[in-house]
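Accompanying notes for the structure given below.
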Amino acid sequence: MISARGIAATSATDPLVPWDFTRREPGPSDVLIHIHYCGVCHSDLHTVRGEWGTVPYPLVPGHEIVGRVASVGSHVTRFREGELVGVGCMVDSCRDCDPCRRGLEQYCEQGNTGTYAGIEAQTGRPTQGGYSTHIVVDQDFVLRIPDGLDPARTAPLLCAGITTWSPLREWKVGPGSRVGVVGLGGLGHMAVKLARALGAHVVVLTTSPGKVADALALGAHEVVLSGNEEAMRALRNSLHVIIDTVGAPHDLNAEMRLLTLDGTLVLLGGSPEPHPSPGAFTFITKRRRLAGSLIGGIAETQEMLDFCAAHGVMADIERIRPEDINTAYERMLRSDVKYRFVIDLEPLRQTTA
Ligand code: NAP
Ligand code: ZN
Ligand code: ZN
């Protein structure tokens, strides 16, 4: 077994605290990774607070992991010691079902194995995530970090990046597309950067007047305060795709009306409570669609990382120490994120040395 130290939730309500635990002994196809950075996703918060259902405690969250390979198993061909690598939201899947064979492991018919709060096939124990010093992952779920990317600013690409990249690609966003991004947090700010790099015209819809200047600096062409009815009316029938990253119930009718003929509203936010249902006429009158999307496959994640390296796309981050995680959660709940917290795990490693 590999000794590790993590920052764990021990209940849905208590603050996260340091916790010593073990990782499985690496097998022949495993990669042992020393974690340097882990991004803080709103999904971590939903999960540890039990908003998405019952979870095992203690639980170490974190699925935006960047670190260096410490050792590789005898069957590992794709990675070598010392290499910079990433791990995202999944660490395993059945590899045999139709979605897995199509590189859509996130939609595995057996359910993908989440990086945390999943069940590790090798041991039957709960998986533990990236707010920790080390992780052991099968090579098929490890990503190469291309040269030229800053490691800390790359960590958020492993969830926020791929989660927004996948629908932008699925709905063929490129030059000539007009894309709306709702909610300027971790996912939203990556959606802006990626859509812009793909050549689209980008419109941000935010509830925060304080983020207007930032949205433009991040690459948006236009910013609209979603509470401003006049500005919302002026945007009607003008967007081909809307990427909605808000993880709380809100009015989807208002967004549906912004779509063009055949436009699609893609829900990414994992609101624990349902949204008020949009009315039939918002769909009927312009053949509009409402869709959802879950993270992205492994090959697609590698494609996104390579694209980001080629275009210099990285997250805007606030680097924090492990003990700052509880404050970061409180700020995330107030939409006060600029635009992803990333934990530097080095201080945690030093306390175990
Ligand atoms: P985040 O950094 O907290 O950003 C969410 C943004 O939504 C906020 O900054 C805020 O932007 C806006 N917002 C407006 N009203 C809100 C409210 N009542 N509560 C919370 N946010 C509100 O979160 P994130 O990490 O980007 O994640 C966003 C959602 O996507 C979460 O529900 C997360 O679980 C989910 N998610 C889904 C996937 C997937 O595969 N589909 C993957 C990762 C995360 P403004 O200030 O601009 O209004
Ligand atoms: Zn996430
Ligand atoms: Zn499968």
Side-chain angles (χ1 to χ4, degrees), residues 38-49 51-52 61-65 87-90 92-116 121 129-130 140 155-167 181-192 204-212 214-215 218 220 223-227 243-251 266-273 275 291-298 301 315-318 328-341:
C38 186
V40 179
C41 179
H42 208 116
S43 301
D44 304 347
L45 178 52
H46 288 304
T47 304
V48 301
R49 298 206 169 170
E51 292 173 15
W52 286 348
H63 57 206
E64 294 185 336
I65 299 168
V87 177
C89 305
M90 307 176 277
D92 211 348
S93 72
C94 88
R95 299 138 194 253
D96 194 38
C97 68
D98 177 62
C100 279
R101 286 178 184 276
R102 291 165 57 203
L104 298 168
E105 301 89 353
Q106 73 274 33
Y107 303 113
C108 175
E109 286 169 4
Q110 311 296 321
N112 73 65
T113 305
T115 302
Y116 57 81
D140 292 346
L157 303 181
L158 276 307
C159 174
I162 182 58
T163 300
T164 50
W165 173 261
S166 188
V181 175
V182 186
L184 198 64
L187 265 58
H189 98 292
M190 285 313 308
V192 170
V204 165
L205 292 105
T206 178
T207 61
S208 304
K211 293 182 184 174
V212 171
D214 286 354
L218 288 164
V223 189
V224 166
L225 289 172
S226 43
I243 304 289
D244 182 338
T245 72
V246 177
H250 58 287
D251 176 19
V266 187
L267 299 181
L268 298 182
S271 175
E273 302 296 331
H275 303 292
S293 185
L294 178 67
I295 50 176
I298 294 297
T301 305
D316 280 30
I317 63 167
E318 264 186 71
Y329 277 9
E330 293 311 317
R331 283 188 50 195
M332 201 149 65
L333 286 172
R334 297 196 300 267
S335 298
D336 178 19
V337 180
K338 301 217 161 162
Y339 278 86
R340 196 60 138 184
F341 294 108

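Below, all heavy atoms of this structure are taken into account, side chains as well, without hydrogens, waters or symmetry copies. All of these numbers come straight from a predicted model, not from anything done at the bench. Counting convention: from 1, in listed order, for ligands and their atoms alike.
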Supply the atom-to-atom distance [X] [atom1] to [Y] [atom2], rounded to the nearest 0.5 angstrom.
| X | Y | atom1 | atom2 | value |
| --- | --- | --- | --- | --- |
| L268 | T164 | CG | OG1 | 7.5 Å |
| T115 | I295 | OG1 | CD1 | 7.5 Å |
| L225 | K211 | CG | NZ | 11.5 Å |
| M332 | H42 | CE | NE2 | 5.0 Å |
| C94 | E109 | SG | CD | 7.0 Å |
| L184 | D214 | CG | CG | 7.0 Å |

With respect to [atom], which of [options] exhibits the smallest heavy-atom separation?
| atom | options | value |
| --- | --- | --- |
| atom 48 (O) of ligand 1 | V40, D244, T207 | T207 |
| atom 30 (O) of ligand 1 | G296, A248, G269, A191 | G269 |
| atom 25 (O) of ligand 1 | M332, R340, K338 | R340 |

**Prompt:** Can you say whether the rings of H250 and H275 are parallel (under 30°), tilted (30 to 60°) or perpendicular (over 60°)?
**Reply:** perpendicular
Can you list the ligand 1 atoms lying under 4.0 Å from a non-hydrogen atom of [X]?
| X | value |
| --- | --- |
| G183 | 7 (O), 11 (O), 12 (C), 47 (O) |
| L294 | 40 (O) |
| K211 | 9 (O), 11 (O), 45 (P), 46 (O), 47 (O) |
| W52 | 34 (O) |

**Item:** Angular separation of C100 SG and C94 SG about the Zn ion (ligand 3), given to 10°
**Value:** 120°
Can you tell me the protein heavy atom closest to [atom] and the distance?
| atom | answer |
| --- | --- |
| atom 4 (O) of ligand 1 | G185 CA, 3.3 Å |
| atom 45 (P) of ligand 1 | T206 OG1, 3.3 Å |
| atom 43 (C) of ligand 1 | C159 SG, 3.3 Å |
| atom 40 (O) of ligand 1 | I295 N, 2.7 Å |
| atom 36 (N) of ligand 1 | S43 OG, 3.5 Å |
| atom 28 (C) of ligand 1 | T245 O, 2.9 Å |
| atom 38 (C) of ligand 1 | T163 CG2, 3.5 Å |
| atom 23 (O) of ligand 1 | H42 CB, 3.2 Å |

Counting both backbone and side chain atoms, is some N or O of [X] under 3.5 Å from an N or O of ligand 1?
| X | result |
| --- | --- |
| L205 | no |
| G270 | yes |
| S208 | yes |
| L187 | yes |
| L184 | yes |

Can you tell me which portion of [X] lies within the under-4.0 Å heavy-atom range of ligand 1? Options are side chain, backbone, both, or neither.
| X | value |
| --- | --- |
| F341 | neither |
| S293 | backbone |
| H250 | neither |

Quick check: do [X] and [Y] have side-chain heavy atoms less than 4.5 Å from each other?
| X | Y | value |
| --- | --- | --- |
| Y339 | M190 | no |
| L333 | R49 | yes |
| C89 | L158 | no |
| Y116 | V48 | no |

**Prompt:** Near the Zn ion (ligand 2), which protein N/O/S atoms are found at less than 2.8 Å?
**Reply:** C41 SG, H63 NE2, C159 SG
**Prompt:** Is the shortest side-chain N to carboxylate O distance from D316 to R340 below 4.0 Å?
**Reply:** no
**Asked** Does E105 come within less than 4.0 Å of R95, counting only side-chain N to carboxylate O?
**Response** no
Check whether [X] reaches the backbone of [Y] with its side chain - one donor and one acceptor, N or O, closer than 3.5 Å.
| X | Y | answer |
| --- | --- | --- |
| Y107 | D98 | no |
| N112 | Q106 | yes |
| W52 | G270 | yes |
| T47 | S43 | yes |

**Message:** Can you give me the closest heavy-atom contact between C38 and G62, atom names plus distance?
**Reply:** SG-CA, 3.6 Å
**Message:** Check for me whether Y329 has a heavy atom closer than 4.0 Å to any atom of ligand 1.
**Reply:** no
